[in-house]
2 protein chains.
Amino acid sequence: MGSASLEERVKELEQVCRSRGLPLTIQRRAVFETILERDDHPSADQILEQIKERVPDISRTTVYRILDTFVQLGLITKICHPRSVARFEPRIQQHHHLICMHCEQIIDLEEDRLNGIAYPDVRRHDFQITDYHIHFRGICSGCRSRAGGAELPD
Amino acid sequence: MGSASLEERVKELEQVCRSRGLPLTIQRRAVFETILERDDHPSADQILEQIKERVPDISRTTVYRILDTFVQLGLITKICHPRSVARFEPRIQQHHHLICMHCEQIIDLEEDRLNGIAYPDVRRHDFQITDYHIHFRGICSGCRSRAGGAELPD
DNA sequence: CTGCCTGCAAACGATTTGCACCAGC
DNA sequence: GCTGGTGCAAATCGTTTGCAGGCAG
């Protein structure tokens, strides 16, 4: 789909670091590549686990710090919702999510139609809207079949 | 607007507790009334501070436990977004939020038009959508005037 | 070289849990 | 009276911070 290749995105990382005068360390490159390789929305600790395969001595602190830096730089997005720790995703273009209320799984939605919603009238709040994001909440297929609609182990 | 009165909502609490066999304690009533009285989106600790005025010996633990119970019962909603602790709101009907990316303030939106968005086609995910919620992100008037668009102390 | 980055360990803040006691129904 | 709720203190979990050395530019 419309997403850039891994290599293009790594180039983007290089450019962004260079333009800001930030050193492109082994750790930064590895965190970026690791998050790009996944098609889900991993937590900091999930990224840490996976990255240890290629940079075994990386510390948890560094992963947290790098993820935060990438969010500030606009390279990745941080997602947060109740009952779940912070998660990260490499996509920065506008898109929306399905969120399973049982297993907290997050699924990306591709529908372009959802990107064209007119902004609400916020003159009375004098608020300047930059963008928006829709969560569709519900139950994923796995949880539905596992539980038949009743409660789940968790 | 279309929101129920405080008394109606307290009745709702009584009914829900009775129907589930949950004791309606002083603390539960006080937490519910406190959150209803506010028109913002308080954190657990903000609720605790305010509730101490009427139930001085209530413990923080209890507030957390009660808020969690209310969320399970569908009486209130928990909201979470990056860079801010969990917040709660008494409104359970569908509505949407403006979120200031500088001060993390959350503002309720009333626009009905936003409630009629057609669900996306999720057949390939086999996901059952229950409802949705839109965050509009941007900058509130206070932060804009304080900072003129540049960065903020926080 | 110089400065930002990293790893370690300790601090931190929000939230949860174990347990003895107490209060609704 | 029984059941579940509450308060307290301690544990936990994710995340952040202080500091001494290391590496990219």
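All values reported here derive from a predicted model rather than from experimental measurement. Residue numbers begin at 1 in each chain, while the letters A, B, ... track the order of the sequences.
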Could you please name the option among [options] that lies closest to any side-chain atom of [X]?
X	options	value
B/Thr61	D/dT16, C/dT17, D/dG18	C/dT17
B/Thr62	C/dG24, D/dT6, C/dT6	D/dT6
A/Pro23	C/dC8, D/dG14, D/dA24	D/dA24
A/Arg65	D/dT17, D/dG14, D/dG7	D/dT17
A/Thr25	C/dA14, C/dT6, C/dG7	C/dT6
B/Ile66	D/dT6, D/dG14, D/dG25	D/dT6

How long is the line joining [atom1] of [X] and [atom2] of [N], in whole Å?
X	N	atom1	atom2	result
B/Asp57	C/dC21	CG	C1'	15 Å
B/Leu48	D/dT6	CG	P	14 Å
A/Arg18	D/dG25	CZ	P	9 Å
A/Arg29	D/dC23	CZ	P	17 Å
B/Ile47	C/dT15	CD1	P	10 Å
A/Arg83	C/dT16	CZ	P	11 Å
A/Asp45	D/dT12	CG	P	17 Å
A/Ile58	D/dG22	CD1	P	18 Å

Along DNA chain C (nearest heavy atom to each residue), the more 5'-positioned of B/Ile26 and B/Val85: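 Result: B/Val85.
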
Along DNA chain C (nearest heavy atom to each residue), the more 5'-positioned of B/Leu22 and B/Ala44: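 Upstream on the strand: B/Ala44.
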
NZ/NE/NH1/NH2 to OD/OE distance under 4.0 Å, B/Lys11 and B/Glu8: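 Answer for the salt bridge query: no.
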
N-O pairing of A/Glu89 and A/Arg38 below 4.0 Å: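 A salt bridge is absent here (no side-chain N lies under 4.0 Å from a carboxylate O).
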
Among A/His135, A/His133, A/Gln105, side-chain hydrogen bond (donor to acceptor under 3.5 Å, both in side chains) partner for A/His97: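 Going through A/His135, A/His133, A/Gln105 one by one, the side-chain hydrogen bond (donor to acceptor under 3.5 Å, both in side chains) with A/His97 is satisfied by A/His133 alone.
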
N/O (side chain, A/Gln27) to phosphate O (OP1/OP2, C/dG7) under 4.0 Å: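 Checking A/Gln27 against C/dG7: at least one side-chain N or O falls below 4.0 Å of OP1 or OP2.
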
Phosphate-side-chain proximity, A/Tyr64 and D/dT16, N/O vs OP1/OP2 below 4.0 Å: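 A/Tyr64 to D/dT16 OP1/OP2: no side-chain N or O under 4.0 Å.
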
Sugar-phosphate, base or nothing in reach of B/Asp68, heavy atoms under 4.0 Å: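 If one applies the 4.0 Å heavy-atom cut-off, B/Asp68 turns out to touch nothing in the nucleic acid.
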
Sugar-phosphate, base or nothing in reach of B/Arg60, heavy atoms under 4.0 Å: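 If one applies the 4.0 Å heavy-atom cut-off, B/Arg60 turns out to touch a base.
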
Parallel, tilted or perpendicular: rings of B/Tyr132 and A/Phe136 (30°, 60°):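 Tilted: the ring planes of A/Phe136 and B/Tyr132 meet at 30° to 60°.
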
Test item: side-chain donor near acceptor, B/His96 and B/Asn115, under 3.5 Å: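 A pair is found: one side chain offers a donor N or O, the other an acceptor, under 3.5 Å apart.
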
